[in-house]
Amino acid sequence: MTSPQRAPGGFPVVGIIGGGQLARMCAGPASELAIGLSVLAEAPDAAAAQVVPSSPVGDHRDVEAVLAFARDCDVVTFDHEHVPDEVLSALVAAGVPLHPTPDALVYAQDKLRMRRRLTEIGVACPAWAQARTADQVEAFAARVGWPLVAKTPRGGYDGKGVRVVGTVDELQDWLDQVGAPGPLADGILLEERVEFVRELAVLIARSPSNQAAAWPVVETVQTDGICTEVLAPAPDLDPGLAAVATEAGLRIAESLQVTGVFAVEMFEVRDAESGAPSYVVNELAMRPHNSGHWSMDGAVTGQFEQHLRAVLDLPLGAPTPREPHTVMANVLGGDYPELYPAYRHLMARDPGLKLHLYGKTVRVGRKIGHVNVSGTDLADLRERARHAADYLAGVITE
Ligand code: ADP
């Protein structure tokens, strides 16, 4: 490997594979810390390529393109979890420091391996099974009852690749694909349908030196399988549950040797007999995550700064909230392709609002930005965040 091209003053260069909004939101903290940033972008106008001067265009599935990109970086991290195994192996063989490493990343790429590993380390999961045949589906249903939640082990996001099924026939098309190359090669992940109270997320940063920091547990509100709102910290969360959920996140970080920022999505549940609150883990994301966008404005150290610190093995920043509550609302694309005119109205109406747009072309339902608002009155904050997100989406006009 040639020596990396250093940012002025001897600062390192962090390379990010993928030019989406997560890479873009690293640019602010990188510029504040004078850390070099380079992004392997899908297209010249990708969200991150618009703001990061070093954004070569290349395909994350192309070994040569990724190796050439990595040559100019001190460490390499990811905007998404879709880099194929053979590309990751080639990077490791070339001696590129990767965070997270492929050995950790696999648990976010493959839900069957994630379930197996979490079960081994004693982290609470929904009842689950791997099914390759209709008989195995029937056997699991006999144990936990219909309906079941069926998932493709690989390749799902935002609820795609998740089905609630009431009969084995509803899975026939997936069963037909089992064993063939693709997301169902190893079978289908089956889970009991969890009767959850709400969805929670634990966001953790861990550095290669094994320093870890946890932000407060948050509540994530989903609409049609997409996260629309995050409440930080999760309102009225039982302190005992907050502690065990955070401990589970830290245990996963350490056991799986995760480096960088990562999120554990959980369901809050009630014990059938005692009614005591507890959690089961839904899934892992090994990168900064939508459930942590609140921290950009609501915590002493936001997740994107923390991710840079973690992947560079710098000491981590305080994850402490700045205000009692922060509400994040995602802006989903609506009918209006022009967003800038909305700024005048929203900024005048609510000077406390923090607006974040990703430079993405507006498509209906696409995540194109988010708003954060912090303070003491949760109901008021939710109303203000909802209003701003709806106004930007064109759902409301005043
Ligand atoms: P994705 O990887 O596409 O985000 P998830 O595994 O997070 O998929 O599932 C998407 C949504 O489906 C979750 O946010 C949750 O609302 C619901 N869900 C997933 N698994 C279960 C389950 N075992 N029981 C009940 N609901 C579930």
Side chains of [X] and [Y], donor plus acceptor under 3.5 Å:
X    : Y    : answer
T320 : W215 : no
R206 : Q211 : no
T77  : H307 : yes
D313 : S209 : yes
Q177 : D173 : no

Output the distance between atom [atom1] ([X]) and atom [atom2] ([Y]), rounded to the nearest 0.5 Å.
X    : Y    : atom1 : atom2 : answer
L284 : R115 : CG    : CZ    : 8.0 Å
L256 : R113 : CG    : CZ    : 10.0 Å
F140 : L189 : CZ    : CG    : 8.0 Å
L203 : H289 : CG    : NE2   : 8.5 Å
H99  : S207 : NE2   : OG    : 9.0 Å
Q130 : D186 : CD    : CG    : 6.5 Å

Under 4.0 Å between a Lys/Arg side-chain N and an Asp/Glu carboxylate O for R117 and E120?
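Salt bridge flag = yes for E120 with R117.
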
Charged N to carboxylate O below 4.0 Å: is that the case for E170 and R163?
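No.
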
Got a donor-acceptor contact below 3.5 angstrom from the [X] side chain to the [Y] backbone?
X    : Y    : value
D350 : R384 : no
E219 : A201 : no
N372 : K354 : no
Q136 : T133 : yes
S255 : I252 : no
D377 : A379 : yes
Q306 : A205 : no
T326 : A232 : no

Name of the residue among K367, Q21, H370 meeting side-chain hydrogen bond (donor to acceptor under 3.5 Å, both in side chains) with N290:
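Only one of K367, Q21, H370 forms a side-chain hydrogen bond (donor to acceptor under 3.5 Å, both in side chains) with N290, namely K367.
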
Atom pairs and distances, side-chain donor-acceptor, residues 388-398, under 3.5 Å, sequence neighbours left out:
| from | atom 1 | to | atom 2 | distance (Å) |
| --- | --- | --- | --- | --- |
| D390 | OD1 | R386 | NE | 3.4 |
| D390 | OD1 | R386 | NH2 | 3.3 |

Kindly indicate whether the side chain of L332, heavy atoms from C-beta on, has any atom under 4.5 Å from the side chain of R363.
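Not touching, per the 4.5 Å side-chain cut-off.
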
Co-membership, hydrophobic cluster, residues V362 and L355, 4.5 Å side-chain
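Yes; L355 is reachable from V362 via cluster members.
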
Is there a path from L353 to M328 through hydrophobic residues (I, L, V, M, F, W, Y) whose side chains come within less than 4.5 Å of each other?
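Per the 4.5 Å side-chain linkage, L353 and M328 are not co-clustered.
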
Atom of [X], atom of [Y] and distance for their closest heavy-atom approach:
X    : Y    : value
P126 : V194 : CB-CG2, 3.7 Å
D271 : E273 : OD2-N, 3.0 Å
V311 : V75  : O-CG1, 3.7 Å
D59  : V66  : O-CG2, 3.7 Å
I204 : A214 : CD1-CB, 3.7 Å
T259 : L98  : OG1-O, 4.5 Å

Donor-acceptor pairs under 3.5 Å, side chain of residues 26-42 to any protein atom, not counting sequence neighbours: which ones?
| from | atom 1 | to | atom 2 | distance (Å) |
| --- | --- | --- | --- | --- |
| S31 | OG | G28 | O | 3.4 |
| S38 | OG | S54 | O | 3.4 |
| S38 | OG | S54 | OG | 2.7 |
| E42 | OE1 | G19 | N | 3.0 |
| E42 | OE2 | G19 | N | 3.3 |

Would you indicate whether [X], at its atom [atom1], is surrounded by more than 12 heavy atoms from other residues, nucleotides or ligands within a distance under 6.0 Å?
X    : atom1 : value
D236 : CG    : no
E338 : CD    : no
R270 : CZ    : yes
R116 : CZ    : yes

Output side-chain donor-acceptor pairs under 3.5 Å for residues 141-155, partner residues at least two apart or in another chain, one line each.
| from | atom 1 | to | atom 2 | distance (Å) |
| --- | --- | --- | --- | --- |
| K151 | NZ | E191 | OE1 | 3.1 |
| K151 | NZ | N282 | OD1 | 2.8 |
| T152 | OG1 | R154 | O | 3.2 |

How does the hydrophobic cluster around M296 look, that is, which other residues are in it when side-chain heavy atoms under 4.5 Å mark a link?
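For the cluster that includes M296, the remaining residues are L22, M25, F304, Y358.
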
Can you list every salt bridge (charged side-chain N to carboxylate O under 4.0 Å, His left out) pair that touches residues 284-303, not counting sequence neighbours?
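Residue pairs with at least one partner in residues 284-303: E81-R287.
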
Holding to salt bridge (Lys or Arg N to Asp or Glu O under 4.0 Å), I want the full list of residues that pass it with R349, two or more places apart in sequence or in another chain.
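Expected list: none.
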
